[in-house]
Amino acid sequence: MKTFKLDNEPKIESGFKTPENYFDTFSARVMQQLPKAEPKRISLFSKRKSWIYAAAAVLVLAMVVPVVYTNFYKSSPDIDDATLENYISYNTSISDADLVNLLDEKDIQKIDIGLKIEDKTIENELSENQNLEHYLLN
């Protein structure tokens, strides 16, 4: 193989040449070619601002509506005693004897209400009531 030395070979010159002092005045010439007034900038955010606000409003509503609904319209798991008693007495065909048979001793003790009515109060009610004979006979 023949040895190749880069320094000994004739050099090929490129066909391009730069004028003298070209790069010294390059930046000044470029600055002269730029337009004087810069164009008005319009950001993408300002064009889509109303859409972003609308999406934020929908998101806030989607998060607030379930909270408001559960706070104002929650069903009470506790039934009022008077409501339950009225329902049982007017809407069912269960007699008092059937209810007593279904209740345990603990349930009966829970139902027991100590009504302490004085004898004078009972006498006043019976004397003022015109159906006294009906109550005494039945």
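Note that the numbering runs from 1 along the sequence shown for the chain.
The closest donor-acceptor contact from the side chain of D107 to the backbone of L103 lies at 3.5 Å or more, if one exists at all.
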Please tabulate, one pair per line, all N/O donor-acceptor pairs under 3.5 Å involving side-chain atoms of residues 22-35, not counting sequence neighbours.
from: T25; atom 1: OG1; to: R29; atom 2: NE; distance (Å): 3.4
from: R29; atom 1: NE; to: T25; atom 2: O; distance (Å): 3.3
from: R29; atom 1: NH2; to: Y22; atom 2: O; distance (Å): 2.9

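Considering only residues two or more places apart in sequence or on other chains, I122 meets the side chain to side chain contact (heavy atoms under 4.5 Å, CB included) condition with I117, L126. With sequence neighbours left out, the side chain to side chain contact (heavy atoms under 4.5 Å, CB included) criterion links L84 to I79, I88. Shown here are the side chain to side chain contact (heavy atoms under 4.5 Å, CB included) partners of V68, two or more places apart in sequence or in another chain: V64, F72. For D98, the side-chain hydrogen bond (donor to acceptor under 3.5 Å, both in side chains) partners at least two apart in sequence or on another chain are S95.
Listed by chain and number, the hydrophobic cluster partners of V65 come to none, as no ILVMFWY side chain reaches under 4.5 Å of it.
Residues Y69 and V60 are members of one and the same hydrophobic cluster, defined by side-chain heavy-atom contacts under 4.5 angstrom among Ile, Leu, Val, Met, Phe, Trp and Tyr.
Looking at T121 and E118, their side chains come closer than 4.5 Å, going by heavy atoms from C-beta outward.
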